[in-house]
Amino acid sequence: SQTIHQWPATLVQPVGSPLSLECTVEGTSNPNLYWYRQAAGRGLQLLFYSVGIGQISSEVPQNLSASRPQDRQFILSSKKLLLSDSGFYLCAYGTVGGGGYTFGSGTRLTVV
Amino acid sequence: GEDVEQSLFLSVREGDSSVINCTYTDSSSTYLYWYKQEPGAGLQLLTYIFSNMDMKQDQRLTVLLNKKDKHLSLRIADTQTGDSAIYFCAEDANAGNMLTFGGGTRLMVKP
């Protein structure tokens with residue numbers, strides 16, 4: 001069966017520190033992968049998506065970057081966190097034809 | 001361009017029906033989706049409807065699609081306190097490779 005793992009669940013980081021959030025998918029090959037950010041009680045903002053290894057599209061200019069070193073691994077990074085990077089980060093993979101997206105359980109990032 | 005809109009908030013009493021509405025703009029959408037997000041959790045796919053259907057029912061959930069008006073609704077019968085969550089509608093675009101999400105409707109169920 002297809003599953004998606006995202007970690008850590010919560011993270012508190014000081015301003016200026018680096019960030020690495022990891023997302024892995026099991027049970028499917030060559031998925032489309034997505035990173036979203038959600039501010040408290042708000043909608044979803046698409047940050048990055050990837051249709052294959054090494055292929056990253058950025059939706060909004062920001063302090064973050066993404067990488068896809070393996071087919072089922074998607075990493076969200078930052079070299080120096082800002083206070084405005086705080087939020088709830090969600091990873092998802094997509095299947096075409098009625099499957100929609102499957103989301104990970106999210107990472108709550110607080111930058112202090 | 002693509003745009004999906006929802007009202008921000010809905011409050012109902014336990015046992016009543018809830019209707020969450022959504023409008024979208026991409027007439028080429030093939031599938032339309034409803035997701036549920038409980039506090040502190042990821043989004044969970046509730047149901048979806050193929051664009052050539054008018055209605056889909058799944059236990060307490062009924063999805064209605066008016067393709068002419070580009071209007072989608074989710075009806076929850078006998079709403080329970082466990083239904084309190086944020087509900088997102090989404091349409092697929094770009095041959096299904098990208099979903100466009102609405103801003104989410106927060107459903108509050110009062111006992």
Side-chain angles (χ1 to χ4, degrees), chain A residues 1-11 21 23-25 30-52 55-60 74 86-110, chain B residues 1-10 20 22 24 28-53 56 58 63 65 72 74 84-108:
Chain A
S1 63
Q2 299 168 349
T3 56
I4 180 168
H5 303 281
Q6 189 180 341
W7 68 93
T10 60
L11 194 58
L21 302 181
C23 173
T24 59
V25 179
N30 197 30
N32 291 341
L33 296 172
Y34 307 87
W35 277 112
Y36 284 87
R37 178 169 58 201
Q38 185 180 28
R42 306 276 307 268
L44 302 172
Q45 179 187 33
L46 178 63
L47 301 176
F48 301 96
Y49 69 94
S50 171
V51 298
Q55 300 179 64
I56 308 294
S57 296
S58 174
E59 288 296 300
V60 291
F74 204 23
S86 294
F88 192 53
Y89 289 82
L90 289 159
C91 180
Y93 73 89
T95 55
V96 179
Y101 291 178
T102 300
F103 283 84
S105 53
T107 296
R108 171 78 56 197
L109 171 66
T110 304
Chain B
E2 305 141 5
D3 196 13
V4 180
E5 295 189 354
Q6 304 176 236
S7 54
L8 285 176
F9 188 74
L10 176 66
I20 302 172
C22 172
Y24 62 97
S28 66
S29 295
T30 305
Y31 293 93
L32 295 120
Y33 303 86
W34 282 105
Y35 286 84
K36 176 183 180 183
Q37 184 184 31
E38 297 184 357
L43 276 68
Q44 171 193 4
L45 179 64
L46 273 182
T47 186
Y48 65 92
I49 188 168
F50 190 52
S51 60
N52 69 352
M53 297 170 63
K56 180 179 180 181
D58 183 3
V63 179
L65 175 61
L72 181 74
L74 174 70
S84 294
I86 301 176
Y87 291 80
F88 291 90
C89 66
E91 63 171 348
D92 69 350
N94 196 18
N97 287 324
M98 190 70 70
L99 295 189
T100 300
F101 287 87
T105 298
R106 182 178 295 274
L107 173 65
M108 177 180 290

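Since the model is a prediction, treat every value here as computed from it, not as a measurement. Letters go in sequence order (proteins before strands), and every chain restarts at 1.
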Which one, B:Ala90, B:Pro39, B:Ala41, B:Gly102, leads in non-hydrogen pairs under 4.5 Å with chain A? B:Ala41

Mind ranking B:Gly103, B:Gly104, B:Gly42 by heavy-atom pairs under 4.5 Å with chain A and telling me who comes out on top? B:Gly42

Under 4.5 Å from any heavy atom of chain A - which part of B:Phe88: side chain

Chain A heavy atoms under 4.5 Å from B:Gln44: which part of the residue, side chain, backbone, both or neither?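 It is neither, since no heavy atom gets under 4.5 Å.
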
If the plane angle is over 60° it's perpendicular, under 30° parallel, otherwise tilted; pick one for B:Tyr33 and B:Tyr48.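 Tilted, since the angle between the ring planes falls between 30° and 60°.
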
Below 4.5 Å from any heavy atom of chain B, which atoms of A:Gln38 appear? Answer side chain, backbone, both or neither.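 The answer is the side chain of A:Gln38.
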
For residues A:Gln6 and A:Tyr89, report the shortest heavy-atom separation together with the two atoms involved.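 Answer, listing the atom of A:Gln6 first, then A:Tyr89: NE2-O, 2.6 Å.
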
Just how far is it from atom SG of A:Cys23 to atom CZ of A:Phe103, taken to the nearest 0.5 Å? 11.0 Å

CG on A:Leu46 to CZ on B:Phe101, rounded to 0.5 Å: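 The distance works out to 9.0 Å.
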
Just by distance, no angles: are the side chains of B:Gln6 and B:Thr105 close enough, under 3.5 Å, to form a donor-acceptor pair?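 Present: a donor and an acceptor within the cut-off.
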
